[in-house]
There are 2 protein chains.
Amino acid sequence: MAQVDTVTRILDAAEELFAEHGFAETSLRTITARADVNLAAVNYHFGSKKALIQAVFARFLTPFYKMVETSLDVHEKNHPDTILSIEDILKFVARAMASVTEGDRSRLAIFMRLLGLAYNQGQGHLRKYLQTEYRSLFRRVMALIAKATPDLQPVERFWRFHFMLGSAAFTLSSMENLRAIVEHDFDTKCTEEEVVGYLLPFLAAGIRAK
Amino acid sequence: MAQVDTVTRILDAAEELFAEHGFAETSLRTITARADVNLAAVNYHFGSKKALIQAVFARFLTPFYKMVETSLDVHEKNHPDTILSIEDILKFVARAMASVTEGDRSRLAIFMRLLGLAYNQGQGHLRKYLQTEYRSLFRRVMALIAKATPDLQPVERFWRFHFMLGSAAFTLSSMENLRAIVEHDFDTKCTEEEVVGYLLPFLAAGIRAK
DNA sequence: TTTTGAGTTAAACGTATGTTTCAAACAGTT
DNA sequence: AACTGTTTGAAACATACGTTTAACTCAAAA
């Protein structure tokens, strides 16, 4: 091993570039150039560009997944039969995201962008991958949300959940551009924590509307 | 002119395909094949693929823009010095969208997808185009929202506005996939109008949270 | 020392893309 | 009917892409 593993150098470069320019717009040659790695290395280590995208995704999602699972487990052990509020659920998720992306803000953007693509990409090989790979966590969170919003019809709850998802995905994936606009228009800087602090009450109020 | 103008045949095909597969993933050959038009026609009539994307965008946005402007003008003439509620503002926008995309649901998706790209595309030639071209409407709507939410700090209002934008952009651009999921998981069909009917209260509750 | 096998490298392959070219077809005018 | 400017058509162009190949490196095992 040279200085840093070739595989992680590729993942790091891909993560940055995907978040910056999107997936189709980022070529393997750009990635391998930034990673200071031979072009063939991607296909050697990952098999294909598609697989690389999934690997970038997985490197974020797997620890996030475990983080949420275990913190929910701990909470349920300490406070059994408690019904979590929407705010609490969102805080669990937000805390897991923060701890996973700690020190590397672009990782959140890339994940959220991928989430957005996963949903509105017509073919959607990403959404299927996501759904099959992380189905259990998804179901668990959905069940918690259902308990927190008992007087909501299932279909409307489904939609409101995706309204929340959309808000988060859009905002967090455009975070850098939006922060730049704020700085230009209001002469103020916003930390990511502040933005999340704005976001969660918005989402909570939205899902329990009326 | 043959049956339908070549230019509009190209725009129609491009609109559908962009909404279905995204921009980078849709080739000029696919577009011209569906439009039943020669490959060179795009570059002859529009100059480049980039210009075609902007043209597709403009064909939607310009009538939408005028629709909102005139309906706001009419309302202000008939009810001067009235403060519109968030719900009213959203209804104005939604009604303009519905009337512009009437009979052609994919046009909304493509616009929303473009909006998303415009924001999280790093370089963002789209966002600049959008901002310079439709700045006045944007400012006007923002001013109305400000009047409807007088006790909100400007910065937080900015963020909440973009939370709304994100919700709408994500949901409407993924509308088809989400509707398919609903049909699969709940054995129910949702019309677009129903989804918008779910969306607006969510957004309104979100922006006036706390 | 020799062998092995994973990792790297430079080069090439095949294909798909956006764009350009230039001749042919067309429509409208004189 | 002849001319003119605009639009179409088939083909080619140049380039960029993801992927594959085959020779090479080099440390660890035999």
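In what follows, chains are A, B, ... by sequence order, proteins preceding strands, each numbered from 1.
A straight line from CG of A:Asp36 to C1' of C:dT9 spans 13 Å, rounded to a whole angstrom. As a whole-Å value, the separation of A:Arg29 CZ from D:dT15 P is 14 Å. Look at CG on B:Leu28: it is 6 Å from P on C:dT19, rounded to the nearest Å. Computed from coordinates, the A:Lys49 NZ to D:dT20 P distance equals 15 Å when rounded to whole Å. In this structure, the CZ atom of B:Phe23 is 17 Å from the P atom of C:dT17, given to the nearest Å. A:Tyr44 places its OH atom 12 Å from the P atom of C:dG5, with the value rounded to the nearest Å. A:Leu52 has its CG atom 10 Å from the P atom of D:dT19, to the nearest Å. Between the C1' atom of C:dT8 and the CG atom of A:Asp5 lies a distance of 13 Å, rounded to the nearest Å.
At a threshold of 4.0 angstrom between heavy atoms, the contacts of A:Ala40 include nucleobase atoms, whether or not backbone atoms are also involved. Within the 4.0 angstrom heavy-atom criterion, no nucleotide atom of any strand lies near B:Thr32.
B:Glu16 and B:Arg107 are not joined by a salt bridge, as no carboxylate oxygen comes within less than 4.0 angstrom of a charged side-chain nitrogen.
Between A:Phe64 and A:Phe60, the angle of the ring planes stays under 30°, which puts this pair in the parallel group of the 30/60° scheme. In this pair, B:Phe23 and B:Phe18 present their aromatic rings tilted. The plane angle is within the 30 to 60° band.
Of the candidates C:dT19, D:dT19, D:dG9, the closest approach to any side-chain atom of B:Ser48 belongs to C:dT19.
The side chain of B:Asn43 contributes an N or O atom lying less than 4.0 Å from OP1 or OP2 of C:dT19. Side-chain N/O atoms of A:Thr6 include one lying less than 4.0 angstrom from OP1 or OP2 on C:dT8. For D:dT8, one of the phosphate oxygens OP1 or OP2 lies less than 4.0 angstrom from a side-chain nitrogen or oxygen of B:His45. Between D:dC17 and A:Ser27, a contact under 4.0 Å exists linking OP1 or OP2 to a side-chain N or O.
Remark: side-chain polar atoms of A:Ser167 are paired, donor with acceptor, to backbone N or O of B:Phe163 under 3.5 angstrom.
Residues B:Met112 and B:Phe170 form no side-chain contact, since every pair of their non-hydrogen atoms from C-beta on lies 4.5 Å or further apart.
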